[in-house]
Every structure is written in structure tokens, then in C-alpha cells.
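Report on the structure given below.
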Amino acid sequence: MPELSLSALNVVRAVAAHGSVSGAARALGYSQPAMSRQVAAAEKAAGQPLFVRGARGVRTTAAGELVARFAAETLAGLDRLSERLDELTHGPEVRVRVGAFPAANAALLPFALARALKQQPRLSFTLTEASSPQLVLQVISKRLDVAVVASGPGLPQPALEGLHIAPLSGGELMVAVPSGHTLAAVEGAVPVRELAHLPWIVGKGARDEPQFGAWPTLTDPHIAFRAKTWHSRFGLVAADLGICVVPDILAPVVPENITLVRVDDPNWLGRGIMAVTRNDATEAHEAVVRALREPPH
């Protein structure tokens with residue numbers, strides 16, 4: 001059936017999958033009249049009806065089921081052929097499984113992966129977000145190739161024995177305030193005593209997740225709100241309902257109506273961020289680590 005083109009096969013597959021011409025049209029970017037014409041052309045090429053129209057959409061005939069199944073197999077095979085031809089020209093795609101704690105996953109990791117892709121376009125990634133101890137366990141069990149983890153006071157300490165550790169820049173804590181806040185106008189670092197009586201917006205999550213509570217050395221701080229996600233915390237700060245602790249690695253994605261201020265606190269020892277891999281790391285894994293260690297531009 002030479003008239004049953006690849007375009008027709010794609011249309012039949014989409015209509016069968018969605019159970020309606022309008023749904024398939026939206027998925028393929030056709031107008032509904034154009035989609036109807038495509039279906040009619042496919043049925044003409046097949047020499048028999050492929051769909052039965054009803055009040056609630058369409059259902060496939062026996063011929064429609066046969067063509068839809070053939071279409072799925074044929075189009076998938078052509079996709080694989082395209083991938084193999086691309087590999088012959090550019091080399092095989094290499095998948096790296098990467099994980100990070102939530103704050104790193106929001107800013108540090110995405111920019112690093114973008115840098116890695118500029119150096120090695122054949123890389124692809126799967127991303128995982130979890131607490132640092134969970135990420136380390138996944139590296140050990142070979143479910144992750146690279147993990148970005150945090151270590152320091154107030155955090156559960158991951159077991160890093162036998163792993164390769166690459167220290168990363170960042171890890172400093174800052175405080176987010178509304179841009180109109182008096183602290184936003186302070187030049188230099190804010191003395192920690194200035195934070196003592198302000199309302200705080202803190203994190204909420206599982207016990208082994210970093211909570212980013214009030215400033216770590218404050219005693220008996222006033223907690224105004226608890227929110228799980230950074231989007232929620234930033235919204236509360238922007239509404240001038242409190243201030244919150246923010247790791248400096250989040251600075252590139254902080255909303256414009258929020259100002260990050262540094263804190264002068266001689267009693268705070270700080271935290272560290274590191275990339276963790278197994279000792280059998282491949283060149284692709286090391287490329288991701290190098291990208292994580294590059295300073296942001």
C-alpha cells in the first residue's frame with residue numbers, strides 16, 4: 001500500500017491512542033478539519049474504515065487496530081534507525097545518573113549540566129532529588145553515578161568512606177529579605193544580633209532532609225511559617241511575612257523582589273558541598289564533576 005504514508009501512519013497511531021480526532025489533532029498540532037482529512041486519506045489508502053465515529057469519540061475497527069499496531073512498530077523502528085545513524089556520525093549517547101539535595105537541584109546542578117553539555121553534547125542525564133545520606137547510598141548501590149551532597153553542622157552526615165570526594169564551591173548561608181526591608185540596604189554583612197527578633201520562615205520535610213531553619217546560632221528564634229518548597233518560602237518572604245535562610249548556591253534563581261544578605265557571625269562554622277562518585281567513575285561521570293567545579297559565568 002504505497003499510498004499509506006508515514007504521515008498517515010502517525011495520524012492513525014495518534015487517533016487510536018487518544019480515542020478522538022480532536023485529541024489527536026491537538027497532540028500533533030493539526031487543526032481538526034486538517035486532521036479529519038488526514039484520517040480520510042489514511043482510510044482511503046487502507047481501502048476500508050479504520051475508525052467508527054460515536055458521540056464520545058472514535059474507536060478502532062479491526063483494520064484500524066492492525067494499522068495502529070503496525071504504525072507504532074514502524075515509527076518506533078524508524079526512530080531507532082535515526083538514532084543509530086546519528087551515533088555513526090557523532091558517537092553513542094552516554095547517560096549519566098545524577099542526584100542532588102533540593103537546593104543544589106534547583107540551581108547549582110542545572111547550570112553545571114548545561115556546561116557539561118557544551119563540552120560533551122552526547123551526554124544525557126536522569127535526575128534524582130533526595131537528602132544527602134540517601135544520595136550517597138544510591139551512589140554506593142550503583143543507582144546513581146554522581147551525587148551533590150552537603151555536610152556540616154546541623155546536617156545528617158552521609159557515610160563517605162570508600163568514595164571519591166570533590167569539594168565544590170558554595171555552601172555559605174545567606175538570609176533572604178524583601179527588597180524593601182531595612183536589612184537590604186545594609187552595606188556589607190549584617191551582624192547576627194540584628195536577626196535575633198525577626199520572624200523566620202523555615203523548611204518542613206522529612207527528618208533526614210536539611211530543613212534550613214532560622215539562622216543556626218540563634219537561640220529561641222520566632223518561627224512565623226513553615227513551608228516545604230523554596231517557591232513557598234520565597235513567596236512568604238516577598239510578601240514581607242518573614243525572612244529565611246538561603247544557601248548561596250540558590251542565588252541565581254532567587255526572585256528579583258528578594259535581596260540576599262550576608263551575615264557576620266563568628267560562631268558559625270559553615271557547611272560544605274561536594275560531588276561524590278565511586279572510584280570506578282567513567283570519563284562521563286568525571287566530566288559532570290568538572291562542570292560542577294567550574295565557577296558560574
Side-chain angles (χ1 to χ4, degrees), residues 100-115 132 148-155 166-205 209-275 290-297:
F101 60 93
N105 221 23
L108 174 67
L109 187 58
F111 289 107
L113 297 184
R115 291 192 292 271
S132 293
V148 179
V149 303
S151 178
L155 294 177
L168 306 178
S169 61
E172 181 180 355
L173 295 183
M174 306 178 74
V175 172
V177 302
S179 294
H181 198 280
T182 55
L183 294 182
V186 174
E187 294 186 6
V190 173
V192 67
R193 63 177 179 274
E194 299 292 331
L195 307 176
H197 303 294
L198 297 176
W200 288 91
I201 297 155
V202 301
K204 179 175 66 174
E209 294 176 352
Q211 299 305 311
F212 293 102
W215 187 258
T217 63
L218 291 180
T219 57
D220 196 27
H222 168 46
I223 307 300
F225 292 94
R226 297 182 184 273
K228 182 173 179 60
T229 67
W230 286 107
H231 289 300
S232 298
R233 281 172 250 175
F234 289 150
L236 292 165
V237 171
D240 201 13
L241 294 173
I243 63 176
C244 76
V245 171
V246 176
D248 62 351
I249 55 174
L250 270 180
V253 296
V254 170
E256 294 182 356
N257 55 355
I258 288 176
T259 298
L260 295 183
V261 299
R262 300 190 182 277
V263 179
D264 180 10
D265 184 357
N267 295 319
W268 172 237
L269 300 177
R271 291 174 175 172
I273 300 174
M274 61 200 80
R290 288 195 298 270
L292 284 163
R293 302 191 75 177
E294 287 181 23
H297 302 296

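Note that this is a predicted model, so its numbers are computed, not measured. Both backbone and side-chain heavy atoms feed into the values below; hydrogens, waters and symmetry mates do not.
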Checklist line | Criterion side chain to side chain contact (heavy atoms under 4.5 Å, CB included) on Val186 and Val261, from CA distance to verdict | finding: CA-CA 8 Å; Val186 174; Val261 299; over 6 Å; no
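- Counting only distance, with no hydrogens or angles, the side chain of Ser151 and the backbone of Gly272 share no donor-acceptor pair below 3.5 Å.
- Counting heavy atoms from C-beta outward, Met174 and Val263 have side chains that stay 4.5 Å or more apart.
- Considering every non-hydrogen atom in both Cys244 and Ile201, the closest pair reads CB-O, 3.1 Å.
- Put simply, CD1 on Ile258 and CD1 on Ile243 are 11.5 Å apart, with the number rounded to the nearest 0.5 Å.
- There is no side-chain donor-acceptor pair under 3.5 Å between Asn267 and Thr217.
- Side chain of Arg262 to backbone of Gly188: no donor-acceptor contact under 3.5 angstrom is found.
- Listed here is the closest heavy atom pair of Gly213 and Val245: O-CG2, 3.3 Å.
- The heavy-atom pair separating Pro178 from Asp240 by the smallest distance is CG-OD1, 3.5 Å.
- Ala103 and Pro247 make their closest contact through CB-CG, 3.6 Å (heavy atoms, listed as atom of the first residue, atom of the second, distance).
- To the nearest 0.5 Å, atoms CH2 (Trp230) and CZ (Phe212) are separated by 5.0 Å.
- Other residues, nucleotides and ligands contribute more than 12 heavy atoms inside 6.0 Å of the CZ atom of Arg290.
- Between Leu218 and Ala196, the closest heavy-atom pair is CD2-CA, 4.0 Å.
- To the nearest 0.5 Å, the span separating CZ on Phe225 from OG on Ser232 amounts to 11.5 Å.
- In terms of the side-chain contact (heavy atoms from CB on, under 4.5 Å) criterion, residue partners of Ala251 (sequence neighbours excluded) are, by chain and number, Leu260.
- To the nearest 0.5 angstrom, Thr182 atom OG1 is 8.0 Å from Glu194 atom CD.
- Across every non-hydrogen atom of His181 and Leu198, the tightest pair is CE1-CD1, 4.4 Å.
- Environment of NE2 in His231: sparse, with no more than 12 heavy atoms of neighbouring residues, nucleotides or ligands closer than 6.0 Å.
- Counting only heavy atoms from C-beta outward, the side chains of Trp268 and Leu173 approach each other to under 4.5 Å.
- With sequence neighbours excluded, no residue forms a side-chain contact (heavy atoms from CB on, under 4.5 Å) with Asp220.
- Taken to the nearest 0.5 Å, the CG atom of Leu195 stands 6.5 Å off from the CG atom of Leu183.
- By the side-chain contact (heavy atoms from CB on, under 4.5 Å) test, Ala184 is found to be paired with Val177, Thr259, residues two or more places apart in sequence or in another chain being considered.
- Rounded to the nearest 0.5 angstrom, Asp248 CG and Ile273 CD1 are separated by 6.5 Å.
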